[in-house]
Number of protein chains: 2
Amino acid sequence: MDDVQAWDTAVLLLRAATELTDGIQRGVAARGFADVRPAHGFALVRISRGGATVAELAEHLGVTKQAASQLTELLVSRGYVTRTVDPCDGRGRLLQLTEQGWTCTRAAQQAGAETVSGWQRAASDRTVRSLRTALAAVVTPGPLRPGW
Amino acid sequence: MDDVQAWDTAVLLLRAATELTDGIQRGVAARGFADVRPAHGFALVRISRGGATVAELAEHLGVTKQAASQLTELLVSRGYVTRTVDPCDGRGRLLQLTEQGWTCTRAAQQAGAETVSGWQRAASDRTVRSLRTALAAVVTPGPLRPGW
DNA sequence: TCTAATCGTCAAGATACTTGACCATATCGA
DNA sequence: TCGATATGGTCAAGTATCTTGACGATTAGA
C-alpha cells in the first residue's frame with residue numbers, strides 16, 4: 001500500500017470518527033442530556049471504569065490537572081459525579097458516577113451502538129464485523145480523547 | 001451483532017482515531033510546523049481541495065462564520081493561506097494555500113500515512129486493506145471535523 | 001524527622017469560540 | 001429599473017475552556 005492509499009485510509013477513518021461522534025452527540029442530546037459536551041462523555045466513560053482520580057482523568061483526556069479539576073467541578077455540580085475521599089490516600093479524591101451519571105453513560109453507549117447499527121444496515125453485517133476485527137488488530141490500548 | 005459489540009466497535013474506532021490524530025499532530029510538529037493546531041489542519045485540507053470561502057470553511061468545520069473568519073485570519077497572518085477577491089462574486093474572498101500551506105498539508109498527509117504504515121507493520125498489510133475496504137463501505141462523504 | 005514528591009484547588013491570563021450588529025455585494029420579483 | 005431580501009465577510013463584546021503559576025494538604029523516602 002503506497003502513501004496515497006495510506007492517507008486515504010486515514011481520511012476515511014477520520015470521517016468515520018466524525019460521523020460516529022456526531023451520532024453519539026445527537027443521540028445523547030435526544031435522550032435528554034443536552035448539557036454534556038463530548039469531553040464530558042469521555043470523562044464519564046473513563047470514570048465508569050471503576051472510578052478515577054482527577055490526575056488520572058487529566059492524563060486520560062490529555063489536559064492539565066487544573067482543567068480536569070474544573071471539568072470535574074462541572075460534572076459534580078450537574079449531578080453526574082460524586083467526589084469521595086480516598087480511604088487509602090488522604091490527598092486523593094475518588095470520582096464515581098451517580099445514578100444520573102450511569103444513565104448518561106448508557107445513553108452514550110446506546111447512541112454509539114445505534115450509529116454502528118446504521119452502518120450494518122447501510123453496508124452489511126459482515127462489513128462491520130471485519131471493521132471491528134481490523135480495528136482490534138491495529139489499535140493499542142490507551143486513552144480516548146476529543147480528537148484533534 | 002448485539003449492542004455491546006456495536007459499542008465495542010465504536011470505542012475501537014474512537015481509539016484508532018485518537019492514535020491517528022496524535023500521530024499526525026506529532027508528525028506535523030516534527031516537520032517544523034509547531035504552530036498548527038488540529039483544527040488548522042482540517043481547514044488546510046479543506047482549502048487544498050480547490051480553494052474555499054470562509055462560509056464553506058465554517059460549514060465544513062461545524063463552527064460559526066465568525067470563528068472561521070478568525071481562524072482564516074490566523075492562517076493568513078502565519079503565511080499558510082492567501083485571501084483573493086473572487087472575480088465572480090465581489091463579496092466572496094477565495095482562500096487558497098500558499099507554498100508554505102501546501103508544504104504543511106503534505107506534511108500532515110505524510111504523517112498520517114506514516115501512522116497507517118505503522119499499523120501495517122504491527123498487524124499486516126491484509127488487515128489494513130480490509131480496514132480500508134470496510135471504512136469505504138460504511139462512511140458517507142462529508143466534512144472532517146475536530147471530533148468530540 | 002526533614003525533604004521531596006504528589007493530589008487537588010485557587011487565581012489570573014490566554015485562547016477559541018459564541019451572539020449580535022453592521023456594511024458591501026448579489027439576487028430576485030414587481 | 002429599482003427596492004426588498006438574502007448572502008459573504010468582518011468588527012465588537014461576551015463566554016467557555018484551557019493554560020501557567022502558586023499554594024496547602026498529605027504521603028513517601030533518605
Side-chain angles (χ1 to χ4, degrees), chain A residues 18 21-22 25 29 33-44 46-47 50-78 80-96 143 145-148, chain B residues 18 21-22 25 29 33-44 46-47 50-78 80-96 143 145-148:
Chain A
T18 301
T21 51
D22 282 358
Q25 182 77 340
F33 301 95
D35 59 346
V36 289
R37 284 189 314 120
H40 303 154
F42 282 107
L44 293 179
R46 174 63 187 82
I47 296 171
T53 65
V54 167
E56 288 166 351
L57 200 55
E59 210 217 313
H60 183 75
L61 297 175
V63 297
T64 59
K65 252 187 334 178
Q66 292 88 328
S69 183
Q70 289 172 17
L71 186 82
T72 299
E73 177 55 36
L74 202 84
L75 292 174
V76 169
S77 75
R78 293 187 181 167
Y80 292 106
V81 168
T82 58
R83 266 184 297 233
T84 63
V85 177
D86 188 335
C88 310
D89 187 338
R91 298 170 303 182
R93 321 246 285 153
L94 192 62
L95 308 179
Q96 289 189 298
R145 275 199 284 267
W148 252 19
Chain B
T18 300
T21 52
D22 283 357
Q25 183 76 341
F33 300 96
D35 60 345
V36 289
R37 285 188 313 118
H40 303 156
F42 282 106
L44 293 179
R46 174 63 187 83
I47 295 171
T53 65
V54 167
E56 287 165 352
L57 200 55
E59 211 218 313
H60 183 76
L61 297 175
V63 298
T64 58
K65 254 186 334 179
Q66 292 89 328
S69 182
Q70 289 172 16
L71 187 81
T72 300
E73 177 55 37
L74 201 85
L75 292 174
V76 169
S77 76
R78 292 187 182 166
Y80 292 106
V81 169
T82 57
R83 265 184 298 232
T84 62
V85 176
D86 189 335
C88 311
D89 187 338
R91 298 169 304 180
R93 322 250 282 153
L94 193 60
L95 307 178
Q96 288 189 298
R145 276 199 282 268
W148 251 21

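Keep in mind it's a predicted model, so treat the numbers as computed, not measured. Reckoned from all heavy atoms, side chains included, excluding hydrogens, waters and symmetry mates.
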Q: Please report the shortest heavy-atom distance between L61(B) and A39(B), naming the atom on each side.
A: CD2-O, 4.3 Å
Q: Rounded to the nearest angstrom, tell me the gap between atom CG in L95(A) and atom C1' in dC7(C).
A: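 That distance rounds to 12 Å.
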Q: Confirm from the modelled atom types if R91(B) and dT7(D) form a donor-acceptor pair under 3.5 Å, side chain to base only.
A: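 A donor-acceptor contact between them is present.
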Q: Atom CZ of R93(A) to atom P of dA25(D): distance rounded to whole Å?
A: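 Roughly 14 Å, once rounded to whole Å.
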Q: Sorted by first residue and then second, give each salt bridge (charged side-chain N to carboxylate O under 4.0 Å, His left out) pair with at least one member in residues 84-93 of chain A; sequence neighbours left out.
A: D89(A)-R91(A)
Q: Please give, in whole Å, the distance from dG8(C) P to L75(A) CG?
A: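 Result: 15 Å.
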Q: Under a 4.5 Å cut-off applied to non-hydrogen side-chain atoms, are L95(A) and R46(A) in contact?
A: no
Q: Sorted by first residue and then second, give each side chain to side chain donor-acceptor pair (under 3.5 Å) pair with at least one member in residues 56-73 of chain A; sequence neighbours left out.
A: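 Found E73(A)-R83(A).
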Q: Output all residues satisfying side-chain contact (heavy atoms from CB on, under 4.5 Å) with L44(B), sequence neighbours left out; order by chain, then residue number.
A: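 By the side-chain contact (heavy atoms from CB on, under 4.5 Å) rule, L44(B) matches L75(B), Y80(B), V81(B), L97(B), C104(B), T105(B).
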Q: Specify the separation, in whole Å, of atom CG of L61(B) and atom P of dT18(C).
A: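 Taking atom P of dT18(C) as the reference, CG of L61(B) is at 10 Å.
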Q: Could you go through nucleotides 16-20 of chain D and list every protein N or O atom that sits under 3.5 Å from one of its N or O atoms, giving the distance for each pair?
A:
unit_1: dT17(D); atom_1: OP1; unit_2: R37(A); atom_2: NE; d: 2.9
unit_1: dT19(D); atom_1: OP2; unit_2: T64(A); atom_2: N; d: 3.0
unit_1: dT19(D); atom_1: OP2; unit_2: T64(A); atom_2: OG1; d: 2.8
unit_1: dT19(D); atom_1: O4; unit_2: Q70(A); atom_2: NE2; d: 3.2

Q: When the distance from CG of L94(B) to C1' of dT25(C) is rounded to whole Å, what number comes out?
A: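 These atoms are roughly 16 Å apart.
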Q: Going by heavy atoms closer than 4.0 Å, what residues in residues 81-90 of chain A are next to DNA chain C?
A: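 Of all residues in residues 81-90 of chain A, the ones placing a heavy atom under 4.0 Å from DNA chain C are R83(A).
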Q: Any side-chain to backbone donor/acceptor pair from R78(A) onto D35(A)? Under 3.5 Å, distance only.
A: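 A pair under 3.5 Å: yes.
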Q: Would you say dG8(C) has OP1 or OP2 under 4.0 Å from some side-chain N or O of T53(A)?
A: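 Yes.
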Q: dT10(D) C1' sits how many Å from E73(B) CD, rounded?
A: 10 Å
Q: For V54(A) and A68(A), work out which heavy atoms get closest and say how close.
A: O-CB, 3.7 Å
Q: Work out which heavy atom in A43(A) is nearest to a heavy atom in L71(A); give both atom names and the distance.
A: CB-CD2, 3.7 Å
Q: Mind checking the CG-CZ spacing from D22(B) to R145(A)? Nearest 0.5 Å is all I need.
A: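 One gets 4.5 Å once the value is rounded to the nearest 0.5 Å.
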